[in-house]
Amino acid sequence: MGIYEELVERGLIAQVTDEAKVRELVNAGKATFYIGFDPTADSLHVGHFMALCLMKRLQEAGNKPVALVGGGTGMIGDPSGRTDMRSMMTNDIIDHNCDCFRKQMARFIHFGEGASDAMMVNNADWLRDLNFMNFMREVGVHFNVNNMLRARAYENRMAREGGLTFFEMSYMLLQAYDFYRLYCDKGCNLQFGGDDQWSNMLAGSDLIRKKTGHDDAYAMTITLLTKSDGTKMGKTSGGAVWLDPEKTSPYDFYQYWRNVDDGDVIKCIKMLTFLPLEEIRPMESWEGEKLNEAKDILAYELTKLVHGEQEAEKAREASKALFAGGGDSANLPQMTLSEADVADGIGILDIIVKAGFAATKNEARRALTQGGVTVNGDKVDDPKTVYEKKDFADFVLKKGKKKFVKVVVE
RNA sequence: GGGUGGUUUCCCGAGUGGCCAAAGGGGACAGACUGUAAAUCUGCUGCAUCUUGCUUCGAUGGUUCGAAUCCAUCACCACCCA
């Protein structure tokens, strides 16, 4: 079975421009493919994860990955967000974010000079100095507005109240131009992207054909990983699930996957883990309580991929200790209070807020009033409860069903 | 550029002088039930020194005993016409 067939069986491929050609190319390890990332934050998140996995798979099969960061497009930002200040991104921040991306990506794919080694490019290199007149003459003429408006991506936005700005429309030209440049400069012959990018990607292939007369630049989209209720994967109440351990701890990362819906587990294992398909197939018939095992496998495998085996073990141990009893409690998520914090005793509400389990003391009070707060397994129902230093020799705070933290004083 | 309508607490959205910390829904959070799932039911949802106090309804200023509600100016947004 070739890599292409494997991708299909894992449910990763949504659409392809020329299936036969792409299969041949990819299976032979002759593709130089690119995927774009917008550097809107200083860490990649779960939404990017699938793209990373795909790059890794293809690289292992001998293909050459090109990671494109949108330093040029990211400069302007997506204007569809309302009052957000995404346009405030300066070159420094973008460059910093690109650096962070590269470091994180290096965990998955190998960068270097070899034939199948990955390279990273920044579209700022060609977009920032673009001359509008030249661009319109060389690229703009090849785009037909009637056709563009027929694209799904635009159709939706046309119906929306705010309408569609010229910038948003231009995005397609910029992305198409990226592909064209990479095709000419780096020999890039395949573009990957989320399924929502399909029309932009096609535009790239079209542009290359129109400008060069060559018919060998292909596009392929990845199935968007959505939950069974249709919402995006990787969002929690606290925001995105990050790959950076400073922003989302390995324990929280593990827990995120441990808690996916029943209907999403197998799909996630197939799409995101590197377990061989032979091992996954039997799991597809699992149901009911048995699925919890699959969730554990999913959580463990992904934590291992992102944070390493050691962290994955720790997260698993901590989870066992908290939920199943018996695991090693040494690995629980921990919070440190200073001597000064506890000098005069510290109220339970303050501890909850400090632990990040509540944004305000009112919120902490609410959880407590409703019986959702325990310390070492004992329910705390008086919001005025005060703890002193000696109490923290052994202190595990629990809020709600799933939030635990071990509190220590240093 | 002209005309009209709008800006309300996390989101949608009611409120058009006191009964408004502000209906209803969604989401979030907590409880029950469970499998660390889903569905369902219940509670809860501005802040705090919490039977009380303080600060909110685009911004500023004004009218009034009293304003989210009335007036003025400004800012922003949407729709229609150019």
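Chain letters run A, B, ... following the sequence lines, proteins first and then strands; every chain starts at 1.
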- Item | Whole-Å P distance, B/A30 and B/A38 | 13 Å

- Is the shortest side-chain N to carboxylate O distance from A/Lys295 to A/Asp262 below 4.0 Å? yes

- Do A/Phe323 and A/Phe404 have ring centroids that are under 6.0 Å from one another? yes

- Message: Using atom C1' in both nucleotides, what's the gap between B/U63 and B/U69 to the nearest angstrom?
- Response: 14 Å

- Query: For A/Phe395, is the NZ or CZ atom of A/Lys406 found under 6.0 angstrom from the centre of its six-membered ring and inside 45 degrees of the ring axis?
  - Reply: no

- Query: Which value, in whole Å, describes the distance between the C1' atoms of nucleotides B/U4 and B/A59?
  - Reply: 23 Å

- Specify the glycosidic conformation (syn or anti) of B/U7, with syn defined as within 90° of 0. anti

- Query: Please give, in whole Å, the distance from B/U49 C1' to A/Ile348 CD1?
  - Reply: 18 Å

- Message: I need the NZ-P distance between A/Lys403 and B/A30, as an integer number of Å.
- Response: 6 Å

- Message: Quick check on RNA chain B: between A/Gly371 and A/Arg365, whose nearest nucleotide comes earlier from the 5' end?
- Response: A/Gly371

- Plane angle bin for A/Trp257 and A/Phe49 - parallel if under 30°, tilted between 30 and 60°, otherwise perpendicular: tilted

- Item | B/C20 and B/C54, which share atom name C1', separated by this distance in whole Å | 16 Å

- Which parts of nucleotides 32-41 of chain B does protein reach within less than 4.0 Å, heavy atoms only, written one letter per nucleotide 5' to 3' as B for base, S for sugar-phosphate only and - for none? -BBBBBS---

- Query: Can the positive tip of A/Lys56 be found less than 6.0 Å from the middle of the six-membered ring of A/Phe274, inside 45° of the ring normal?
  - Reply: yes

- Would you please indicate if the ring centroids of A/Tyr254 and A/Tyr251 are separated by under 6.0 Å? no

